[in-house]
Every structure is written in structure tokens, then in C-alpha cells.
2 protein chains.
Amino acid sequence: MTTETLDRKHPARGRPRTFDLELALDGALAVFSERGYQAASISDLTEAMNLTSGSVYKAFKDKRGVFLAAFERYRAVRLAVLQGRLDGVGSGREKVRQLLSFYADSSHGLSGKRGCLVVSSANDLALFDEEAANQIRAASAINEKRILDLLHLGQADGSISSSVDPESLARTLFCLTQGMRIAGKTGRGQEEMAAVVDRAMQLVT
Amino acid sequence: MTTETLDRKHPARGRPRTFDLELALDGALAVFSERGYQAASISDLTEAMNLTSGSVYKAFKDKRGVFLAAFERYRAVRLAVLQGRLDGVGSGREKVRQLLSFYADSSHGLSGKRGCLVVSSANDLALFDEEAANQIRAASAINEKRILDLLHLGQADGSISSSVDPESLARTLFCLTQGMRIAGKTGRGQEEMAAVVDRAMQLVT
DNA sequence: CTAATTAGGAAATGATCGTTTCCAAATCAA
DNA sequence: TTGATTTGGAAACGATCATTTCCTAATTAG
């Protein structure tokens, strides 16, 4: 999936890379999240990545390559954190609440204003070529599917009634998470978002 | 609220304007909605507005001026359509459903991919100066407040229970509408969005 | 009429954009 | 060693960006 240029774990030949690739991507994804693809200039990126533009282009080919690598990095990091929280609770219903709380916690204060790279990329979908757009759409679909899987789990373990339609509920909760991220851009408090989670959990019966 | 340059209804002196201001703004807001503020170039805008850049700068001062005028135009047009739908139904609860359906109808197909100017502007909030950002935040707040008012109306006319907390429910439904607009960017069907509305209405008891 | 004023529009402006080029430095293979 | 290869980084590139300038056209005021 990643390009040949990126994953040289053991650089057999040539001068070795002196910067941390993932650390650089963390800087890049912060810029992309906050400003969007187009408004994130190479200058913005090189500054946040602590690299010169030459090194950036050597490592990622072009701006699109930086974005796609940062996008994957973002998803991996976020998924790891979420997975840790899901593992901490038992029932399917509790996992659903944990997932919603995960989004709520990300949607307030400074992290709320920084935003979600998947949401902002979906918002900017028209700016990308078909291949990149497909990756963004796929990431959204996976996030929605994850909610659906938790609902199925809850119905299997009895924590969620089998009478509710999992698909439409998953879609509804997914929309809610995306909306929390947008609302978070305008500056929200922890309690405001927590109350949204409590309210939404009334749908998960 | 609008600047002196714009609302010259009766141009006392000088050559009269030969283009329709609101028609031009309709073109501009379509570009801003679909591409976002930064990615909407003056070339994109002049093409969509059927104007030369000179005329654009005469009428709106700068790109920021075009955006702010288009933003207000968008809100006015959308509010008019929404108000028409709200007037068509009776109870507060039915008005809430109508509002959610209004967003759902806008979030599928082509209009879904075009997106909402308020949502995309909130997403790009970091790109604007403080004054413009405040206008965007205010627009979001008004949209949330509108839902709250409908909930209060429903509680007054008995169509919504007085035991539910209107503030947190309004915030939840607001997040849902914003999220529907984001989900709509990735391409959704009418039925998918309609099901989300049905599901959300279970919260409005 | 003339003067003042404003719109329309082409062309030019300086800044910034993403990207490439070029060269020195650092590594491995031989 | 020597050659091949890759990185680091400064500088340059053409394209495009938002904006201004300048001139003509169209209108009102007097």
C-alpha cells in the first residue's frame, strides 16, 4: 500500500535518513487537519515537519504523497488509541459508548479546533484525484463499519436489543461523530460533548 | 450589515451595474461550498459568476468580501426554503422532523457532494480572520439555536415531553445535521439519509 | 453640453505556490 | 580505496495566486 520510497526500513544503499518519518508525519497531519489540503502549503508543512522541501520531496514524492502518508499515519494512530479504549470495556453497548466518548473527547478544546483529518478530507473531497478520493471515502466507510460491528457485537452479547436495525443506527451514530468534529471546530466544552454522547446512547437500547 | 459597496439599490451616480448581484453570488457560493475558501481561486469564482476579476473587485473589494457576501446569501436562501417547509407543518415535533428532513434532502446526491457552506466554512475556520470567523461561528450558533427553539415550541404545544433537556438534545441534533452534510460529501442516497432522520426522531419524544 | 462618478475589462504586478535542479555529504558494495 | 546510491539543503523554476492599474463605456448632476 505504501510506496517504495517510504518504507525503507533497512536502507541497503546510500546515505541513511536522519529524521524520524513518523514524527515528521505527525507534524504534517496537524497542518492538514487544521488548514485542509489546499491551504496547507509546502512551507507550512516543511516547518511543521522540521524538514527542507528537498527532503520532503525525496521522501514523499510530492504534496499528494505527503498527504496520503499523513492520512494513513493519522488513521493508524487514532485507531490504536480507540482500540485501547474499546478493550477496556466489556459489552458491545459499552464499546459503542466508549467509541462515541472517544470522538467527544477529541471534539472539545484545542484538539477540537485542530479537527479530524478524515472529516476535513471528506469535506475537501472535490480537491482530490479519484484514487486519493477513494482512499478518503474508504476511510469513512471503515469508520462507519466499525460502529456497525460494535452494534452487531452488542446484539450478540445481549447488551443491545435485536429489534433495532443496526445499519441505520450505525449510520446515524456515524453522522453524529462527524458532526461532533465539525461542531468542535467552533469551540466546545468537554461537558457539552459528553451530554451529546449521553443523549445518543438513548438510541442504543 | 452589508458593506456600502454592495447594496446600491439606486445607483445615484455613475455607470449602472449590468449583472445580477444575487445570481453572481449564487455562482460564488457554489464554488466556495464545493472547494472551500482557499481552493476557490479568483479564476474559479469569476468563471462561476460570469464576471471579470475587475468587476468582482469593484463590487466586493476582495476575495474575503466575495466570500462574506456569498455566505450571507447562502444563509438567506437556505433559511427561506427551510422556513417554507416549517410553515407547512403544525406541531413543534413535526417541525423538528421537517428541519432534519431538510438537511437530509440536502445531503444526498449532487447537492450532498456540493456540500453546505456553513459546514465547510466551520471546517476551514482556522483560515479566516477573527471577524470572519466570528460570523461563521455565529451562523452555526444560530442554526443550533433554531433547533432549540423548535424543541421549546414542541414542549409548549405538548408534542414533545417536558422531561427532556432541550439544550443537550438540540446540540445532539445539530451535530447530526452537520454530520449528515459531511457524510453527504462521500455520496449517499436519499433513503439512507431519510432513515437517519427516522432514527433521530426517536430522541424527540 | 461638461464634469463627476461608477462599471467593465484587459493587462500587468508582486507574492507565493508546488516542484525541480544541483551539489555536497554520507552510506554500502566491491 | 572507488563507484554507486541516497539524503540534506539551498537555490532556481515556471505557474498560478490575489490584487491593482489603466483605459473605455455608461450613467447622473448641474
Side-chain angles (χ1 to χ4, degrees), chain A residues 2-25 27-28 31-32 35-71 124 127-129 132, chain B residues 2-25 27-28 31-32 35-71 124 127-129 132:
Chain A
T2 47
T3 67
E4 177 206 325
T5 337
L6 277 86
D7 45 19
R8 295 198 315 117
K9 306 290 181 194
H10 299 293
R13 295 177 293 274
R15 178 174 172 175
R17 182 172 291 148
T18 57
F19 67 91
D20 186 307
L21 219 160
E22 299 189 331
L23 212 65
L25 287 178
V31 173
F32 279 124
R35 302 183 57 80
Y37 182 76
Q38 182 89 2
S41 72
I42 299 291
S43 305
D44 295 332
L45 292 169
T46 53
E47 184 182 3
M49 299 167 87
N50 275 315
L51 295 176
T52 63
S53 63
S55 299
V56 168
Y57 276 82
K58 284 262 170 55
F60 302 103
K61 172 141 182 104
D62 54 16
K63 182 179 174 179
R64 179 182 180 275
V66 180
F67 171 80
L68 290 178
F71 189 74
D124 289 347
L127 304 181
F128 295 94
D129 58 284
Chain B
T2 46
T3 66
E4 178 205 325
T5 338
L6 277 85
D7 46 19
R8 295 200 314 118
K9 307 291 181 192
H10 300 293
R13 297 177 292 274
R15 179 173 170 174
R17 181 174 291 148
T18 57
F19 68 90
D20 186 307
L21 219 161
E22 299 189 330
L23 212 65
L25 286 178
V31 173
F32 279 124
R35 301 183 57 79
Y37 182 77
Q38 182 90 2
S41 71
I42 298 293
S43 304
D44 294 333
L45 292 169
T46 53
E47 185 182 2
M49 300 168 87
N50 274 316
L51 294 176
T52 62
S53 64
S55 298
V56 168
Y57 276 82
K58 283 264 171 56
F60 302 102
K61 172 144 182 101
D62 55 15
K63 182 178 173 179
R64 179 181 180 275
V66 179
F67 171 81
L68 290 177
F71 189 75
D124 290 346
L127 305 181
F128 295 94
D129 58 285

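Protein chains get the first letters and strands the later ones, always in sequence-line order, with residue 1 at the start of each. Quick caveat: nothing in here was measured; it's all calculated off a predicted structure.
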NZ on Lys58(A) to CG on Leu51(A), rounded to 0.5 Å: 12.0 Å
To the nearest 0.5 Å, tell me how far Met49(A) CE sits from Leu21(A) CG. 7.5 Å
Separation of atom [atom1] in [X] from atom [atom2] in [N], rounded to whole Å:
X: Ile42(B); N: dT13(C); atom1: CD1; atom2: C1'; answer: 15 Å
X: Met49(A); N: dG18(C); atom1: CE; atom2: P; answer: 13 Å
X: Arg64(B); N: dT19(D); atom1: CZ; atom2: P; answer: 11 Å
X: Glu47(A); N: dG18(C); atom1: CD; atom2: P; answer: 14 Å
X: Arg13(B); N: dT2(C); atom1: CZ; atom2: P; answer: 21 Å
X: Arg35(A); N: dT16(C); atom1: CZ; atom2: P; answer: 13 Å
X: Leu45(A); N: dT19(C); atom1: CG; atom2: P; answer: 11 Å
X: Lys61(B); N: dT6(C); atom1: NZ; atom2: C1'; answer: 16 Å

Of all residues at least two apart in sequence or in a different chain, which pass the side-chain contact (heavy atoms from CB on, under 4.5 Å) check with [X]?
X: Ala70(B); answer: Leu25(B), Ala28(B), Leu29(B), Phe32(B)
X: Ser43(A); answer: Ser41(A)
X: Asp62(B); answer: Tyr57(B), Arg64(B)

Qualifying residue, where the test is side chain to side chain contact (heavy atoms under 4.5 Å, CB included) with Thr46(B) and the options are Val56(B), Val66(B), Val31(B): Val56(B)
Hits for ring pair (Phe, Tyr, Trp, His ring centres under 6.0 Å) against Phe71(B), two or more places apart or cross-chain, chain-then-number order -> Phe67(B)
Taking side chain as C-beta onward, heavy atoms only, is Phe128(B) less than 4.5 Å from Asp124(B)? yes
Winner on side-chain proximity to Ser41(A), out of dT19(C), dC17(C), dA18(D), is dC17(C)
When all nucleic acid strands are considered with a 4.0 Å heavy-atom cut-off, which category describes Ala40(B): base, sugar-phosphate, or nothing? sugar-phosphate
Can you give me the bend angle of the helix from dC1(C)-dG30(D) to dA30(C)-dT1(D)? Use the axis through the first five pairs and the one through the last five, nearest 10 degrees. 0°
Just the atom pairs and distances: protein N or O near nucleotides 8-10 of chain C's N or O, under 3.5 Å.
residue	atom	partner	partner atom	Å
dG8(C)	OP1	Thr18(B)	N	3.0
dG8(C)	OP1	Thr18(B)	OG1	2.7
dG8(C)	O4'	Arg15(B)	NH2	3.3
dG8(C)	N7	Lys58(B)	NZ	3.2
dG8(C)	O6	Lys58(B)	NZ	3.0

Nearest heavy-atom contact between Gln38(A) and Gln38(B) is CG-CG, 3.9 Å
